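The structure under discussion appears below in the form of structure tokens.
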Number of protein chains: 2
Amino acid sequence: MPGLSAREIARSIEYSPGTLYNIFENLDDVLLTLQVEMLRDVACQLAETPIGATPALHIDALAKTYVDYALRNRKLWNLLFSHSLPTTAAPSKALHDYVFAIGDTVSGALAPLMIGASAAEKNLAARVLWAGVHGITAIAVTDKAPFLTVTTALDYTHTLTQTFLDGLVANQTIAVSA
Amino acid sequence: MPGLSAREIARSIEYSPGTLYNIFENLDDVLLTLQVEMLRDVACQLAETPIGATPALHIDALAKTYVDYALRNRKLWNLLFSHSLPTTAAPSKALHDYVFAIGDTVSGALAPLMIGASAAEKNLAARVLWAGVHGITAIAVTDKAPFLTVTTALDYTHTLTQTFLDGLVANQTIAVSA
DNA sequence: CGTATGTAATGAGCGCCGACCCATACCAAA
DNA sequence: TTTGGTATGGGTCGGCGCTCATTACATACG
């Protein structure tokens with residue numbers, strides 16, 4: 001993992017490699033800590049994103065927050081989503097909590113458009129939409145598609161969110177009128 | 001990169017490390033070749049997915065093909081999307097061609113629902129939707145969210161595709177009726 | 001048949017760099 | 001001056017990518 005060796009991490013925070021091992025168990029411990037911190041940051045920034053004039057604008061703002069964060073922290077971001085910790089380690093509860101928190105934030109933003117829906121339906125919709133935004137982000141951050149780059153990522157998320165929301169309200173009106 | 005060293009690759013195909021270097025320039029060459037082969041496979045399988053009774057069913061089948069492929073080839077899949085080749089290397093044209101081919105396949109499946117739309121609009125919609133499906137796949141394959149697992153991935157892609165399509169046709173009818 | 005020739009596979013070994021350790025140095029506070 | 005906690009970074013050891021002298025084997029020839 002280039003750029004994420006113990007020596008490099010130590011240099012980047014201007015400590016020696018040995019000091020890392022006084023504080024952390026091993027490198028995976030360091031990386032897990034970084035992952036948790038980053039995900040907490042993201043969850044907080046999403047939660048603090050101001051509610052827009054309309055649900056659609058709110059969702060758009062959330063997507064922008066998410067994409068911007070990933071682009072601003074490309075290296076760490078790739079770390080979080082590409083480095084799978086050893087499966088022997090117990091899955092981090094903190095990590096999962098923040099994932100749920102992100103889902104809750106999105107779910108809250110979706111709620112005004114899904115008045116008749118159950119909490120489960122809202123959660124599903126929120127997680128699906130977030131996973132979609134995440135997919136666009138991941139491709140943009142890792143330069144995997146020539147057309148989906150840093151500059152177009154927000155256009156893509158906008159198209160996704162707006163079309164998805166249109167689909168939600170279409171179903172909603174059908175459900176309500178039925 | 002555990003599990004993807006030259007020695008391990010050699011062992012897994014029951015050759016010696018040296019043989020790899022008779023055939024390939026270096027390890028990155030091996031990995032790039034794997035990536036291209038895998039993406040070609042995916043593109044072919046998508047292209048060969050039978051057209052369903054309705055566009056919605058067709059898209060669903062495409063998503064299933066995509067997700068199934070990723071789950072059947074977890075390790076390689078993670079390789080393709082997590083290992084970024086050195087930026088010094090010229091980006092592989094073949095790789096990009098296959099990415100475009102996938103977009104074209106999805107775009108073709110979307111076409112019946114977007115009669116009045118331009119080719120650019122159809123391409124955008126196709127790429128956005130595919131990136132979304134990819135996001136769900138990526139999270140499922142890497143076990144990053146407790147609720148989005150191998151068993152629920154298809155439910156998630158189904159919700160995404162159907163809601164997205166609903167959004168498309170909602171816009172379509174508006175555009176047409178206007 | 002035995003022998004020569006070309007090709008393909010080998011795997012021990014080289015140099016390097018990774019994670020991780022620990023004897024040592026440092027420096028406040030007592 | 002002593003002491004205790006903290007940071008250090010050279011060093012160990014293992015595994016890495018990669019090489020190349022050597023081997024194994026199929027085919028061609030006398």
Side-chain angles (χ1 to χ4, degrees), chain A residues 1-41 73-96 138 141-144, chain B residues 1-41 73-96 138 141-144:
Chain A
M1 202 159 320
L4 279 168
S5 66
R7 289 193 211 306
E8 278 209 55
I9 291 175
R11 192 183 316 129
S12 79
I13 58 176
E14 300 195 301
Y15 276 81
S16 73
T19 306
L20 277 179
Y21 291 91
N22 294 335
I23 299 171
F24 298 98
E25 201 59 27
N26 50 40
L27 235 210
D28 274 331
D29 189 17
V30 178
L31 299 184
L32 176 61
T33 303
L34 283 175
Q35 292 188 354
V36 170
E37 287 222 344
M38 181 165 59
L39 207 54
R40 178 170 49 75
D41 268 11
N73 305 277
R74 273 178 98 129
K75 260 199 157 165
L76 269 180
W77 190 263
N78 280 330
L79 162 65
L80 171 53
F81 284 104
S82 73
H83 177 72
S84 283
L85 294 175
T87 50
T88 62
S92 157
K93 182 170 179 308
L95 223 47
H96 284 180
V141 159
T142 56
D143 269 328
K144 288 298 182 190
Chain B
M1 206 163 325
L4 280 169
S5 67
R7 285 166 178 30
E8 279 209 52
I9 291 175
R11 192 183 317 130
S12 80
I13 58 176
E14 299 193 303
Y15 276 80
S16 72
T19 306
L20 277 180
Y21 291 92
N22 294 336
I23 299 171
F24 298 98
E25 202 56 29
N26 49 42
L27 235 211
D28 273 330
D29 188 18
V30 177
L31 299 184
L32 176 60
T33 303
L34 282 175
Q35 293 188 353
V36 170
E37 286 222 343
M38 180 164 58
L39 208 53
R40 178 171 49 75
D41 269 9
N73 305 277
R74 274 178 97 131
K75 259 200 158 163
L76 269 180
W77 190 261
N78 279 331
L79 161 66
L80 171 53
F81 285 104
S82 73
H83 176 73
S84 283
L85 294 174
T87 49
T88 62
S92 158
K93 182 171 178 310
L95 222 47
H96 283 181
V141 159
T142 56
D143 269 327
K144 288 299 184 191

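Note that the structure is a prediction, hence the values are computed from the model and not measured. Chain A is the first sequence line, chain B the second, and so forth, proteins listed ahead of strands; every chain is numbered from 1.
- Contact footprint of chain B on DNA chain C: nucleotides with an atom under 4.0 Å from a non-hydrogen protein atom, first to last in 5' to 3' order, dA9(C) to dG13(C).
- Taking Lys93(B) as the reference, Asp97(B) meet the salt bridge (charged side-chain N to carboxylate O under 4.0 Å, His left out) condition, with sequence neighbours excluded.
- Ala10(B) approaches Pro17(B) most closely through the heavy-atom pair CB-N, 3.5 Å.
- Partners of Phe81(B) by ring-ring contact (aromatic ring centres under 6.0 Å, His included), not counting sequence neighbours, listed by chain and number: Trp77(B), His134(B).
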request  = Could you walk me through whether Leu27(B) and Ile9(B) pass the side-chain contact (heavy atoms from CB on, under 4.5 Å) test, one step at a time?
outcome  = CA-CA 10 Å; Leu27(B) 235 211; Ile9(B) 291 175; 4.1 Å; yes
request  = Scan nucleotides 7-23 of chain D nucleotide by nucleotide, 5' to 3', and note B when protein non-hydrogen atoms come under 4.0 Å of the base, S if they reach only the sugar-phosphate, - if neither.
outcome  = BBB-B----BBBB----
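- Remark: Asp143(A) pairs with Arg74(A) by the salt bridge (charged side-chain N to carboxylate O under 4.0 Å, His left out) rule, at least two apart or across chains.
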task = Decide side-chain contact (heavy atoms from CB on, under 4.5 Å) for Leu32(B) and Leu95(B); before the verdict, give the C-alpha distance in whole Å, the side-chain angles of both, and the deciding distance to 0.1 Å.
result = CA-CA 9 Å; Leu32(B) 176 60; Leu95(B) 222 47; 4.2 Å; yes
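- In this view, Ser16(A) and Thr19(A) satisfy the side chain to side chain donor-acceptor pair (under 3.5 Å) rule, not counting sequence neighbours.
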